[in-house]
Amino acid sequence: MTSTTPADPGPLTAAIPKAYDPSETEEEVTKRWTTAGVFAAEPRTGDDQTPTYSIVIPPPNVTAALHLGHALNNTLQDVLIRYHRMLGHRTLWMPGTDHAGIATQTVVEKRLLSEGVKRLEMGRDAFLAKTQDWKDEYEAVIIEQLLAMGASCDWERTRFTMDEMCVTAVRHAFYTLFQDGLIYRGKRLVNWDPVTRTALSDDEVEMEEIEGHMWYLRYPLSDGSGHVTVATTRPETMLGDTAVAINPADPRARALRNKSVLLPIVDRVIPIVEDDYVVMADPDSSDGKAKYATGFLKVTPAHDPNDWEIGLRHELPVINVMGPDGSISSEHGWEDTSSEAQEFVGLSREEARSAIVAWFDERGLLEEVRAYTHSVGHSYRSHVPIEPWLSDQWYVAVTDDRLRGSALRAQNPTQSPALPDDAGHRTDAPGDGAMTFHPDRYARTYHAWHAGIRDWCISRQLWWGHRIPVWVRLQPIEDAGPEIGAAVADAAVDEPVFIESRWVAAGAAHLARKVTETEVEEAVCVPPGSSLRRLDRTDSTMDEAALIAAIETDGFVQDPDVLDTWFSSGLWPLSTMGWPWPEDFPETVGLLESFNPTSVLMTAREIITLWVSRMTMFNRYFRQGQLPFDDVFIHAMIQDGHGQKMSKSLGNGVDPRDIIHTHGADALRFTLVQMTTDTQDVRMPVDLICPHTGEMFTPEFITTSAGHVVAAPTQTSPNEPTKSMVSAYGVATGAVTATTDVPLARNTSSKFDLGRNFANKVWNATRFALSRIDPGHAPSITVDPSSADGSTTFADQWIIARLAQSLGVIEEALANYQFNVYADTLYDFIWRDVCDRYLEAVKPTIDGNADQQAVLGAVLDAVLRILHPVCPFVTEALWPHVAAVRTGEIVGVALPPSELAASARWPVVEPLASAGLVVDTFDRADRLVGAIRTLRSSRNVKPKQRVTLHVPASVRELIAASDGMIETLAGVGDVVDFAAGDDRPPAASPLPFEGVEVLVSGLVDELDFDAERARLQKLIEAKATQVRGFEQRLANPGYVTNAKPEVVAETRERLETTRNDLRAAEAALTALTN
RNA sequence: GGACCGUUAGCUCAGUUGGCUAGAGCGCUCGCCUCACACGCGAGAGGUCACUGGUUCAAGUCCAGUACGGUCCA
């Protein structure tokens, strides 16, 4: 060891400011990554067996900027991606965005409407151009946000669900499913949104509690012998009634058998049918339905899903009395319109409701009206009540075993309930039983959803989306030609039949079905050109355009609808990797083989059904059973400070850029990771930043009529009462607009101080190291911490032992998605161990100790590496500085050099053989340090003042073993021997420690005997209570016989040491009193 | 109506198979501008683990129920 003068804080050190300023480093660090191209994924080639790791981003909707929920989602993905990249895996994080059909169309339409432009007036092409602009704008915002957060996606591969690659996948998937009989068109009741005029899938319908009414309407029997009373919440639908139903068990049923009623207004004679579905009247029932029921149910198959089922059972006619806008209409299947009924045609459903109730009331046919609270489906987009409406829609037969059964069989059998009888058995086939949920309770959510699944309505009456690749022709059977006629001759109405036509010879798929007994509808599905070229077809003269032109010439018209957004999202893990024809997009060659199945899908739980299920079905169907992902990790949902879901309409969503602005990206990330446990929800109280003064304040809250607690639209500056600002809630509701004088207040939250302070701590620990390591000092040194030659200090051995321990905990935590354990372990190791203990302990020795400088450099290097996945910016910024002061090698600690932290290898640390003893010794020493510090603090001893320790032999050994650490950390000057019988030094405070007495002198000039005695008395009482507790436990025979032997032994040991402590304290008190 | 989650310090949250004196961060109190960091250092106070009952030698932890809050599904 050569001695050196303290390192001169050279230019490098001087250049590092005292506090970490994220805004100055983040952009520059991002550039370093981009320039180096470290995020680019390289698929495996040849017989390369390097492990792979891949994630496809849940593509954010291009409707709006990302909020904290996205920040959480993407941070967790980035942690895993960066970690596996450091492990040396071939790593792909696929970025992209979702066109979000209905959601985007709605926001664009709203924006246009505010400018006075209507979608229908501007036309399809112009509207799509506007929507494309919107998409471009928000896609750019989203990518900017992800970059600002440090997401290490392979940006060169950024996809969009409507780009060329995804279009090909959608077209090919649709064609394949169509060809395989898994896509069909049918007249069904759909969830109709009369405002956006589109069908919605079941998942897009939100149930809301409505305080409405139950109307009791009298329907006269057609033989004039009386009437029946039906109860309904939707009187307007009575125009389409085609029966009245009664439960066969109802005592009145026999008398009414084979009778009919004359439907008022319409004068339609409709039968009384008997059906088990009907709830019998029971005024005393606790069940709302029975309580309000009359026992008679009006049956409207065209306007109620349950009535539809009843209609099927009793072969009732289906009469649709509404148009697509929800108004009463006689043009959509209602033919027996009486002149009386004509009065109601054209009314909106709300107007019709009042008018019909009034009509019944005027004629004495309204028996009663009662208040009634019930759930009503609402459109998740327009928020108006859904109208069950009969229309032609396209469906995917997800109830088919090839989809539903396959999705169920994918589940890891150890965490899902038994497969339903109709779902077959798991086999050795790829993917079966291989999909695992974390936390595992979500496996049941997934399972339960598939148990009750219905066919998936995929057509949407929108413009923004993937156009349905089907051309349709409807005509009388006799006009359709002999082949079609023959093909459908024996088929039932609505039963699809595949046709072998010239379109099929040219590569299309061709279906026909009778719509009625006399009309046939043909549908021709055209695959994308790239698939067409590869087909083995008998007529290969036509390319895609020619084929479509020919079909259209023959009178076919392309379906105007687009596909449900989730159809393209469901293909995301496939389409982004170039499926089905990667060779057409050369950059995607090899991706599927290397990276699908992806390693994990990270998402919030609300999307398990919508998305996870469909990706599983599609990926397995199109890739021979292969799963889209092995694991599904469901993370928490971030709520606001009042336990409310963050939503656009409440304006309580927080833009991650606001947090990055006040705290930095690393602080954002670290805090989010630190709060990720396996619970469902986390609360995030949010404050505002006054745009006038820059100070943080808690906004004034108001309660909305719906009971939500939100920031008042206008807020007053806390210290400038004349100035005001608007809240995001105010802007979201349109109550206020931000102006120059009254600007929008940005959000912040003191929750993120945790991460900001931590990043700053790392920054300063590094600054310390840079000022104390002399890089020219023995650069080729080799330090062996396991060597007993005294070349490494106790502190050095201990910190390496702790590094190894922490690494083990972190690796296990990340393997099990325990993100908070990862963050907490980092925090403890870096702050408590490295900074509070290690750095403090080495201060007196490091300047002259080249070995210690090498250890410190290595520890800092390792810290940057293990912290990098969660705090990539500060670690990358410090990386070159730490690399510059690395000297020598530490035996057993592998930290290979790297240009960038982002491409560095994860540390490998071999555990020291003596680690257990070293850590034990440290813990004992640390307890002694703590006891001395407490004593010092209670006497107000200045930090610089040294105290003298008088110790018995056992403590002398501990002090020697810990190599000066106790003296440094506790501010101890001299240590002198002291045995039980020795004369007591003057003004020395007794300190019972490990059952022996230690004396501390030099604290004060004069001892306050009363205070000393009181302190000891308190300690004695505490120890005595503990001793009694242990004694009682051991006196209990049940404990001694039943508890695990090691637990009992531990209790005995603890009793022993506590007794010794008690004795030592009592002896000290006696000595003090004499 | 069904399912799931939560209720632990003033606040936000940890607490793996039941077993040391129930932990952290913030806030609070006291003392420190101790030559990396006041976004800091040292010390401390603060909890009937929502409630009721049960299982057990032993319950924050397991079981049953209640209350309140939240989410998803119908």
Which nucleotide sits closest to the side chain of Thr934(A): A43(B), G19(B), C39(B)? A43(B)
Looking at C20(B), C39(B), C32(B), which one has an atom nearest to any side-chain atom of Pro943(A)? C32(B)
Residue whose nearest RNA chain B nucleotide is more 5′ - Glu840(A) or Ala1043(A): Ala1043(A)
U56(B) and C13(B): how far apart are their P atoms, nearest whole angstrom? 36 Å
Taking C-beta and beyond as the side chain, do Val842(A) and Gln852(A) meet within less than 4.5 Å on heavy atoms? yes
Touch class at under 4.0 angstrom, heavy-atom based, for Val682(A) against every strand present: sugar-phosphate
Using ring centroids (six-membered ring only for Trp), state whether Tyr20(A) and Phe873(A) fall under 6.0 Å. no
When Leu754(A) and Thr679(A) are each assigned the nearest nucleotide of RNA chain B, the 5'-most assignment goes to Thr679(A)
Are Tyr817(A) and His438(A) close enough that their ring centres sit under 6.0 Å apart? yes
With respect to the side chain of Trp831(A), which nucleotide from C37(B), C20(B), G40(B) is positioned closest? G40(B)
Should the ring pair Trp831(A) and Phe758(A) be called parallel, tilted or perpendicular, given that the plane angle runs from 0 to 90° and is split at 30 and 60? parallel
Return one dot-bracket line describing RNA chain B 5' to 3' (Watson-Crick or G-U wobble pairs, both distances under 3.5 Å; ( ) same strand, [ ] crossing, | another strand, . none). (((((((..((((.....[...)))).(((((.......))))).....(((((..]....)))))))))))).
Over all strands shown, is Arg832(A) touching base, sugar-phosphate only, or nothing at heavy-atom distances under 4.0 angstrom? sugar-phosphate
Considering only the C1' atoms, how many Å lie between G47(B) and U12(B), rounded to the nearest integer? 16 Å
Write down the distance separating the C1' atoms in U8(B) and U48(B), rounded off to the nearest Å. 12 Å
Provide the distance between the two P atoms, one in A38(B) and one in U61(B), to the nearest whole Å. 44 Å
Roughly how far apart, to the nearest Å, are C4(B) and A58(B) at atom C1'? 30 Å
Please state the C1' separation for the pair G54(B) and C41(B) - nearest whole angstrom. 50 Å
Heavy atoms under 4.0 Å, any strand shown: does Arg1054(A) hit a base, just sugar-phosphate, or nothing? base
Which whole number of Å gives the distance between the C1' atom of G69(B) and that of A50(B)? 11 Å
Just checking Arg756(A): base, sugar-phosphate only, or nothing, at a heavy-atom cut-off of under 4.0 Å? base
Touch class at under 4.0 angstrom, heavy-atom based, for Asp753(A) against every strand present: nothing
Under 4.0 angstrom, heavy atoms only, what part of the nucleic acid is Asp828(A) near: base, sugar-phosphate, or nothing? nothing
Among the nucleotides C39(B), A36(B), G19(B), whichever has the atom closest to the side chain of Cys835(A) is A36(B)
Interatomic distance where CZ belongs to Arg683(A) and C1' belongs to G69(B) [whole Å]: 7 Å
When all nucleic acid strands are considered with a 4.0 Å heavy-atom cut-off, which category describes Gln639(A): base, sugar-phosphate, or nothing? sugar-phosphate
Select one nucleotide: of C13(B), U34(B), U21(B), the one nearest the side-chain heavy atoms of Thr677(A). C13(B)
Just checking Ser750(A): base, sugar-phosphate only, or nothing, at a heavy-atom cut-off of under 4.0 Å? nothing
Classify the nucleic acid contact of Lys761(A) as base, sugar-phosphate or nothing, counting any heavy atom under 4.0 Å across all strands shown. base
Over all strands shown, is Phe1030(A) touching base, sugar-phosphate only, or nothing at heavy-atom distances under 4.0 angstrom? sugar-phosphate
Lys942(A) near the nucleic acid: base, sugar-phosphate alone, or nothing, with a heavy-atom cut-off under 4.0 Å? sugar-phosphate
Which part of the nucleic acid, if any, lies within reach of Arg444(A) when heavy atoms closer than 4.0 Å are counted: base, sugar-phosphate only, or nothing? sugar-phosphate
So Tyr827(A), base contact, sugar-phosphate only, or nothing? Heavy-atom distance under 4.0 Å. sugar-phosphate
Between Leu839(A) and Leu856(A), is there a side-chain heavy-atom distance shorter than 4.5 Å? yes
For Tyr838(A) and A36(B), give me the distance from atom OH to atom P, rounded to whole Å. 15 Å
Take atom OH of Tyr446(A) and atom C1' of A3(B), then tell me their distance rounded to the nearest Å. 18 Å
Against the side chain of Leu839(A), the closest entry in C57(B), G40(B), A36(B) is A36(B)
If the C1' atom of G70(B) is compared with that of C39(B), how far apart are they to the nearest Å? 34 Å
Which nucleotide sits closest to the side chain of Ser937(A): A38(B), A14(B), G42(B)? G42(B)
